[in-house]
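Here is the structure we will look at, set down as structure tokens.
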Amino acid sequence: MTLLLLLLALWLWRRRPRLAKGLIVCSMAWLLFLSSSFGSYWLLWPLEHQYSVRTAAPKHASVVLVLGSGHDDALAGEARHKLSATALARLTEGLAQVKKAASNDCLLVVSGWTGGLNSTPHAEQMRDAAVAMGANPERILALSDARDTVEEALALRQAFGASATDMGDDAVGGRQLVLVTSAAHMPRAMKIFKMAGMEPVAAPTDFLARRDHWWRLSTDNLDGSAKALHEYLGMTWLSIRIMSGV
């Protein structure tokens, strides 16, 4: 967005110099805001505080779904080393939720495709990492073709052979569904799964909003702001799709 404003200012420099200078000032102010701890926190906090950390144990015969978030096959080491920091945080929370279950009938579901760059689907890397971290391989289901959250919801519904009209109040295939994803992504993910006929309980993780001195600038803040804006744009696009009936 900053680059677009600068390019527009460059295009207008000869025709509308005052407007061009104003755009340059706005682009720099926008970049400073996104890079500041105040700006990042202000954007992330409303997203991350819609759902609280889940401390209750999953119900009997529950499904813990961990949404994917990328890996890199080219990295050396075991499967967990190849996961992105976000994916590893989500998987760790998913394993913690499974561990809390009162019985061994809790199913861990991981998802994600190759991303177009890897030879191994993300879901398989997540499964291998979960097994290496102590999960029962017989209690893991990998959804290896889902490319985004919408496809993850549809793939889960298809895996349990359920339609949008016969899902339980909080269940998938008669099981309680515990949804694990990043806290900033949770509001959009919950909306998508509810649209697919499910009523999951949220187990957010990977919290990025951090209180700090308002004047401190960092690339971490810029990354957090970018992820927040991604979610706001995603929610807007989802609303447009709902209104257009897509």
Side-chain angles (χ1 to χ4, degrees), residues 1-13 16-55 66-72 83-94 112 115 122 147-150 152 179-195 200 202-243:
M1 294 174 69
T2 302
L3 287 174
L4 287 175
L5 286 175
L6 290 174
L7 289 173
L8 181 60
L10 182 63
W11 184 68
L12 293 172
W13 188 260
R16 305 282 298 275
R18 293 184 63 182
L19 177 58
K21 292 177 182 179
L23 289 174
I24 291 175
V25 171
C26 288
S27 64
M28 292 298 99
W30 177 243
L31 184 60
L32 286 172
F33 174 76
L34 297 180
S35 303
S36 69
S37 57
F38 169 79
S40 178
Y41 186 85
W42 187 82
L43 290 169
L44 285 167
W45 192 90
L47 294 170
E48 294 192 342
H49 285 74
Q50 292 188 34
Y51 295 94
S52 302
V53 173
R54 180 169 175 79
T55 57
V66 180
L67 300 187
S69 188
H71 73 281
D72 189 349
L83 299 179
S84 68
T86 300
L88 186 57
R90 293 180 183 181
L91 181 60
T92 301
E93 179 63 26
H122 182 61
R147 294 176 295 179
D148 55 28
T149 309
V150 173
E152 286 172 321
L179 182 62
V180 179
T181 189
S182 301
H185 179 53
M186 186 61 78
R188 183 158 61 101
M190 290 289 285
K191 187 172 184 178
I192 288 171
F193 275 80
K194 289 179 180 179
M195 288 171 56
T205 188
D206 187 33
F207 290 85
L208 300 176
R210 294 290 187 270
R211 292 181 297 175
D212 200 350
H213 300 293
W214 65 268
W215 44 265
R216 183 165 292 170
L217 307 177
S218 73
T219 54
D220 287 338
N221 292 331
L222 189 60
D223 181 58
S225 297
K227 289 178 178 178
L229 290 175
H230 175 84
E231 291 304 322
Y232 288 121
L233 290 173
M235 289 290 286
T236 301
W237 176 241
L238 184 62
S239 299
I240 292 174
R241 292 182 63 180
I242 293 174
M243 289 187 293

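Counting from 1, the numbers follow the sequence of the chain as shown.
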Exercise. What do you reckon, is CZ of Arg216 surrounded by more than 12 foreign heavy atoms closer than 6.0 Å?
Worked result: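 Enclosed: over 12 neighbouring heavy atoms sit under 6.0 Å from CZ of Arg216.
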For this session: Any chance you could lay out the side-chain hydrogen bond (donor to acceptor under 3.5 Å, both in side chains) test for Arg90 and Ser182, step after step, and finish with the verdict?
Result: CA-CA 7 Å; Arg90 293 180 183 181; Ser182 301; 3.0 Å; yes
Could you grab the distance from atom [atom1] of [X] to atom [atom2] of [Y], nearest 0.5 Å is fine?
| X | Y | atom1 | atom2 | answer |
| --- | --- | --- | --- | --- |
| Ile24 | Leu8 | CD1 | CG | 10.0 Å |
| Arg210 | Asp220 | CZ | CG | 10.5 Å |
| Leu229 | Leu44 | CG | CG | 9.0 Å |
| Glu48 | Glu231 | CD | CD | 10.0 Å |
| Met28 | Leu6 | CE | CG | 4.5 Å |
| Phe207 | Leu47 | CZ | CG | 11.5 Å |

Problem set entry | CA sep, side-chain torsions, deciding dist, call: Asp212, Asn221, side-chain contact (heavy atoms from CB on, under 4.5 Å) | CA-CA 10 Å; Asp212 200 350; Asn221 292 331; 5.8 Å; no
Exercise. Met195 versus Leu238: any side-chain heavy-atom pair under 4.5 Å?
Worked result: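 The answer is yes; the side chains approach within 4.5 Å.
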Problem set entry | Beyond-backbone contact of His213 with Phe38, side-chain heavy atoms, under 4.5 angstrom |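 Not touching, per the 4.5 Å side-chain cut-off.
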Of all heavy-atom pairs between [X] and [Y], which one has the smallest distance, and what is that distance?
| X | Y | answer |
| --- | --- | --- |
| Ala209 | Tyr41 | CB-CD1, 3.8 Å |
| Pro200 | Phe193 | CG-CB, 3.9 Å |
| Ser225 | Ser40 | OG-CA, 3.3 Å |
| Ser37 | Trp215 | OG-N, 4.5 Å |
| Leu67 | Ala189 | CD1-CB, 4.0 Å |
| Leu19 | Leu12 | CD2-CD1, 3.7 Å |

Exercise. Run the side-chain contact (heavy atoms from CB on, under 4.5 Å) check on Lys191 and Ile242 step by step: do they pass?
Worked result: CA-CA 11 Å; Lys191 187 172 184 178; Ile242 293 174; 3.9 Å; yes
Exercise. His122 vs His71 aromatic rings, parallel, tilted or perpendicular, using cut-offs 30° and 60°?
Worked result: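 Judged by the thresholds at 30° and 60°, the geometry between His122 and His71 is parallel.
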Problem set entry | Ring geometry between Trp30 and Phe33 (parallel below 30°, tilted from 30 to 60°, perpendicular above 60°) |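 Taking Trp30 first and then Phe33, their aromatic rings lie parallel (interplane angle under 30°).
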Exercise. Would Leu91 and Leu83 count as a side-chain contact (heavy atoms from CB on, under 4.5 Å) if you check the C-alpha gap in whole Å, the side-chain angles of each, and the deciding distance to 0.1 Å?
Worked result: CA-CA 10 Å; Leu91 181 60; Leu83 299 179; 3.9 Å; yes
Problem set entry | Partner of Thr181 under side-chain contact (heavy atoms from CB on, under 4.5 Å), chosen from Glu152, Glu93, Met186 | Met186
Problem set entry | Stepwise side-chain contact (heavy atoms from CB on, under 4.5 Å) check, Trp11 with Leu23 | CA-CA 11 Å; Trp11 184 68; Leu23 289 174; over 6 Å; no
For this session: Apply the test side-chain hydrogen bond (donor to acceptor under 3.5 Å, both in side chains) to residues Thr149 and His185: give CA-CA distance (whole Å), side-chain angles for both, the deciding distance (0.1 Å), then the verdict.
Result: CA-CA 10 Å; Thr149 309; His185 179 53; 3.0 Å; yes
Exercise. Is a donor on one side and an acceptor on the other found under 3.5 Å between the side chain of Ser35 and the backbone of Leu217?
Worked result: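 Not confirmed, Ser35 side chain does not pair with Leu217 backbone.
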